[in-house]
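Report on the structure given below.
Every heavy atom of this structure was used, including side-chain atoms; hydrogens, water molecules and symmetry mates were not.
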2 protein chains.
Amino acid sequence: MTIRPLTANRLQETSLAQEVQFLLARARAQGNTRANELLAEEGLKVRSFSVLSLACSGMNPTQRELGEFLHLDPSQIVALVDELEKRGLVKREVDPSDRRSKIITATNDGHTLYDRAYALTMAAEDDYLGTLSRRERAQLRAILQKIAF
Amino acid sequence: MTIRPLTANRLQETSLAQEVQFLLARARAQGNTRANELLAEEGLKVRSFSVLSLACSGMNPTQRELGEFLHLDPSQIVALVDELEKRGLVKREVDPSDRRSKIITATNDGHTLYDRAYALTMAAEDDYLGTLSRRERAQLRAILQKIAF
DNA sequence: TATTGTTATACTCTATAACTATA
DNA sequence: TATAGTTATAGAGTATAACAATA
């Protein structure tokens, strides 16, 4: 992790630093960096973790649904699923109701690794939400859910 | 703007969709897309707007400070400042107290354009925070500031 | 020696179009 | 004709290292 000197903190007073959009971007970047650092331990990144997580969800998503939900285009999903499949963590199954579609589910190994990785993302969340009270965390989650969906 | 069918919304029930990190990423992506759409009208993106905003702040930031604050490395700042300077919106001035550093300030044209662009970013904020009450917006801003700094 | 800004370059991520198989 | 997934490729965004000027 990069340790950056905080000599630019005086810019916190600027109007940019009051904008929700800017704050969201900064918060996300920090969380993403921290989560990637921790997930690296299991050979995952935030992206591949997201796919694995949905594969473990029991919702039997198709690749198209994964792309839609994660805001990634189909070719990116192909690459992510390829990688996870090569590692034996997920498998592709033809959707019987529409043989064009492929349903992505986790293998046993995938579930095992997911459990460990999930604990890591919770640790990452603790790291960068550590200064928030339980109540603030709940507020944040509720508000973000309104925005995101 | 892409109109995406919402057939993957059933995935909102998954545990991934409850994670703050995931929600932050989604919220930011949506806000960023919307802001870029609106800023395009003035030939700006969120990135270049951020630099212009800090150049207009009266804080006389150096390029190094801009990079630090925006989490961009020096070479990216060079490119962004080059672009804005070419358009006559900002200028580089050698810092008399450290002649290695260059202070970035806005020109008159830069300030004029910034005022319009700022209004656009406020419109973008309204667009994607529209469902939130005043109180929720204030809570969100306060919480994000805790996380981001 | 260390740092600021610059340049060049390589790497990753993202977006696009064309192809296949199915519908 | 349209859609899901795949492939290839180009473009944008990001990271790295080396250099000149200054400290």
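Per the geometry, CG belonging to A:Asn36 stands 13 Å off C1' belonging to C:dT12, to the nearest Å. If you measure from atom CG of B:Leu70 to atom P of D:dG13, you get 15 Å, rounded to the nearest angstrom. Put simply, CG on A:Leu80 is 13 Å from C1' on C:dT12, counting in whole angstrom units. When the P atom of D:dT3 is taken as reference, atom CD of A:Glu68 falls 12 Å away, rounded to whole Å. Atoms NZ (A:Lys102) and P (C:dT20) sit 15 Å apart, rounded to a whole Å. Separating the CD atom of B:Gln63 from the C1' atom of D:dA20 is a distance of 15 Å, rounded to the nearest angstrom. Rounding to whole angstrom units, CD of residue B:Glu83 and C1' of D:dG13 are separated by 13 Å. Counting to the nearest Å, the C1' atom of C:dT3 and the CZ atom of B:Arg64 are 9 Å from each other.
For residues 11-62 of chain A, the pairs satisfying ring-ring contact (aromatic ring centres under 6.0 Å, His included) are A:Phe22-B:Phe69, A:Phe49-A:Tyr114, with sequence neighbours left out.
Remark: B:Ser97 pairs with B:Asp95 by the side chain to side chain donor-acceptor pair (under 3.5 Å) rule, at least two apart or across chains. By the salt bridge (charged side-chain N to carboxylate O under 4.0 Å, His left out) test, B:Arg141 is found to be paired with B:Glu125, residues two or more places apart in sequence or in another chain being considered. Not counting sequence neighbours, the partners of A:Asp126 by the side chain to side chain donor-acceptor pair (under 3.5 Å) test are A:Arg137. Looking at residues two or more places apart in sequence or on another chain, you find a side-chain contact (heavy atoms from CB on, under 4.5 Å) between A:Gln76 and A:Arg47, A:Leu72, A:Asp73. In this view, A:Lys45 satisfies the side chain to side chain donor-acceptor pair (under 3.5 Å) rule with no residue, not counting sequence neighbours. B:Arg135 meets the side-chain contact (heavy atoms from CB on, under 4.5 Å) test with B:Ser133, B:Gln139; sequence neighbours excluded. With sequence neighbours excluded, no residue forms a salt bridge (charged side-chain N to carboxylate O under 4.0 Å, His left out) with B:Glu13. With sequence neighbours excluded, the residues that form a side chain to side chain donor-acceptor pair (under 3.5 Å) with A:Arg116 are A:Glu42.
Around atom CG of B:Asn108, no more than 12 heavy atoms belonging to other residues, nucleotides or ligands sit under 6.0 Å away.
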Tabulate protein N/O versus nucleotide N/O from nucleotides 21-23 of chain D, keeping only pairs under 3.5 Å, one per line.
{"unit_1": "D:dA23", "atom_1": "OP1", "unit_2": "B:Arg99", "atom_2": "N", "d": "2.8"}

Between the protein and nucleotides 16-19 of chain D, list every N/O to N/O distance that falls short of 3.5 Å.
{"unit_1": "D:dT16", "atom_1": "O4", "unit_2": "B:Ser75", "atom_2": "OG", "d": "3.2"}

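When the side-chain nitrogen and oxygen atoms of A:Arg92 are compared with OP1 and OP2 of D:dT6, one or more of them lie within a distance under 4.0 Å. Checking the phosphate oxygens (OP1, OP2) of D:dT14, a side-chain nitrogen or oxygen of B:Gln76 falls inside 4.0 Å.
The backbone N or O of A:Thr62 sits less than 3.5 Å from a side-chain atom of A:Glu65, completing a donor-acceptor pair.
Only at 4.0 angstrom or more do the heavy atoms of residues 38-55 of chain A sit from any atom of DNA chain D, so none qualifies.
Each of D:dT6, C:dT7, C:dT4 was ranked by its minimum atom distance to the side chain of B:Ser101; first place goes to C:dT4.
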